Amino acid sequence: RTRMTEEINSYPIKNKYYKHIWYVLIFPAYLIAFFILEKLIPNDFPTDKMFLSHIPLDDKIPFCEYFAIPYSLWYPALAAIGIYLIFRDAKGFKKYMIYIGATFFTMIFICAIFPNYQDMRPDITGKENIFCFMMKRIYTADTYTNVLPSAHVFGAMAIDFAVIDCKSLRKHKWLLAAAIVLGVLICVSTVFVKQHSILDIFAAIPLGFIWWAIIYKGIFKKKKTA
């Protein structure tokens, strides 16, 4: 029975096990909540009623438009891991989506009760390279409010934890190393493209590990066999 359960979990779609797919609804639920948050705390929200996420260390970090690449890879990487887990690891997909929901909604909650913003975006109007073009699109899509803690950092941690947890992924050492490197680059990119203060990273990392312990080591803790 244990072997059969493992087989179904490893090839859920092949074995017509679809229940885990409903967990994907966590993501649109987050997007709706974030949209509401952005409406409640828009760009023209009085800054004197918001916390400025900015520390002196931020001023020593230069703007580097090349980091638009790892910053943007966050989106397809999140989707790619989710799609793989849907088809190959039902339990892993549940953990992945619950982790994303827990961390992302933590960000929503913190920003709702503790409005915050950052003021570090450079003027790149005159620059016409492809990376600055990407940054202009990023600045348009992502506002400079609701930045603490960083959802990008939470997402990067979600990707790494999912790869580390999934047997069929972590057995490929190169893939595991690539996921960790990408996760680090995504986190670092947030400060180099001036979308986040390093304070946003410092706030997200411990919260991300707390939720990892609760979800991966608590809720889904493997039962020891006698």
Side-chain angles (χ1 to χ4, degrees), residues 1-35 37 70-110 149-187 189-190 204-225:
R1 185 176 178 180
T2 302
R3 187 173 181 179
M4 183 182 296
T5 302
E6 186 175 337
E7 168 69 14
I8 291 173
N9 183 63
S10 299
Y11 297 90
I13 302 299
K14 171 184 168 184
N15 291 282
K16 296 181 172 58
Y17 178 65
Y18 302 104
K19 292 180 181 179
H20 65 290
I21 295 178
W22 292 104
Y23 283 80
V24 77
L25 295 177
I26 289 173
F27 200 74
Y30 158 74
L31 292 177
I32 292 170
F34 185 73
F35 177 79
L37 179 67
Y71 187 89
S72 300
L73 284 175
W74 183 79
Y75 303 95
L78 275 176
I81 293 296
I83 293 170
Y84 178 87
L85 294 176
I86 283 177
F87 288 94
R88 290 298 304 272
D89 189 346
K91 189 175 181 180
F93 181 71
K94 292 177 184 178
K95 287 185 271 190
Y96 179 64
M97 291 309 304
I98 291 173
Y99 181 86
I100 286 176
T103 53
F104 283 21
F105 275 99
T106 294
M107 184 275 289
I108 293 288
F109 178 75
I110 291 174
S150 169
H152 250 66
V153 172
F154 284 146
M157 296 177 77
I159 292 167
D160 284 348
F161 291 148
V163 173
I164 292 169
D165 179 71
C166 182
K167 287 183 180 180
S168 60
L169 289 177
R170 71 169 180 262
K171 70 180 181 181
H172 301 290
K173 302 301 181 184
W174 67 269
L175 181 59
L176 179 60
I180 293 173
V181 170
L182 178 61
V184 171
L185 283 175
I186 288 172
C187 293
S189 73
T190 63
I205 289 175
L207 288 171
F209 274 107
I210 289 171
W211 277 116
W212 167 78
I214 292 172
I215 296 165
Y216 282 85
K217 298 299 182 181
I219 299 172
F220 286 93
K221 185 178 180 180
K222 293 181 180 179
K223 294 181 180 179
K224 293 183 179 181
T225 55

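As the structure is a prediction and not an experimental result, all values here were calculated from the model. Counting from 1, the numbers follow the sequence of the chain as shown.
- In this structure, T103 OG1 and I108 CD1 are separated by 10.5 Å, a value rounded to the nearest 0.5 Å.
- In this structure, the separation between CG on L175 and CG on L182 is 10.5 Å, given to the nearest 0.5 Å.
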Problem set entry | side-chain contact (heavy atoms from CB on, under 4.5 Å) between C166 and Y84, intermediate numbers included | CA-CA 10 Å; C166 182; Y84 178 87; 4.0 Å; yes
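- Heavy-atom minimum distance, M157 versus A204: SD-O, 4.2 Å.
- A pairwise comparison of heavy atoms in R88 and S168 identifies NH2-CB, 4.2 Å as the closest pair.
- For an aromatic pair to be called close, the ring centres must be under 6.0 Å apart, and H20 with F87 fails this.
- Nearest heavy atoms, I186 versus P70: CG1-O, 3.3 Å.
- When all heavy atoms are compared, the tightest approach of K91 to F220 is CE-CD2, 3.7 Å.
- Among Y216, Y23, W211, F93, the single residue meeting the side-chain contact (heavy atoms from CB on, under 4.5 Å) criterion with I98 is Y23.
- Under the ring-ring contact (aromatic ring centres under 6.0 Å, His included) test applied with Y99, the options F161, F105, F154, Y30 reduce to a single match, F161.
- W174 and H172 have tilted rings, their planes meeting at an angle from 30° to 60° on a 0 to 90° scale.
- Taken from CE in M97 to CD1 in I215, the straight-line distance is 11.0 Å, to the nearest 0.5 Å.
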Exercise. Please walk me through it: do I164 and L176 pass side-chain contact (heavy atoms from CB on, under 4.5 Å)?
Worked result: CA-CA 7 Å; I164 292 169; L176 179 60; 3.6 Å; yes
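- The CG atom of D160 sits 14.0 Å away from atom CZ of R170, with the distance rounded to the nearest 0.5 Å.
- When atom types are taken as modelled, the side chain of Y96 and the backbone of I86 share no donor-acceptor pair closer than 3.5 angstrom.
- Summarising the geometry of G92 relative to L85, their closest heavy-atom pair is O-CD1, 3.8 Å, with the distance given to 0.1 Å.
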For this session: Check step by step if side-chain contact (heavy atoms from CB on, under 4.5 Å) holds for K95 and D165.
Result: CA-CA 9 Å; K95 287 185 271 190; D165 179 71; 2.9 Å; yes
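- Using a 4.5 Å cut-off on side-chain heavy atoms (C-beta onward), L78 and I100 make contact.
- Inter-residue side-chain proximity for L207 and I110 is flagged as met; some heavy-atom pair is nearer than 4.5 Å.
- Scanning both residues, A156 and C187, for their nearest heavy atoms gives CB-SG, 3.9 Å.
- Heavy atoms of other residues, nucleotides or ligands lying less than 6.0 angstrom from OH of Y75 number more than 12.
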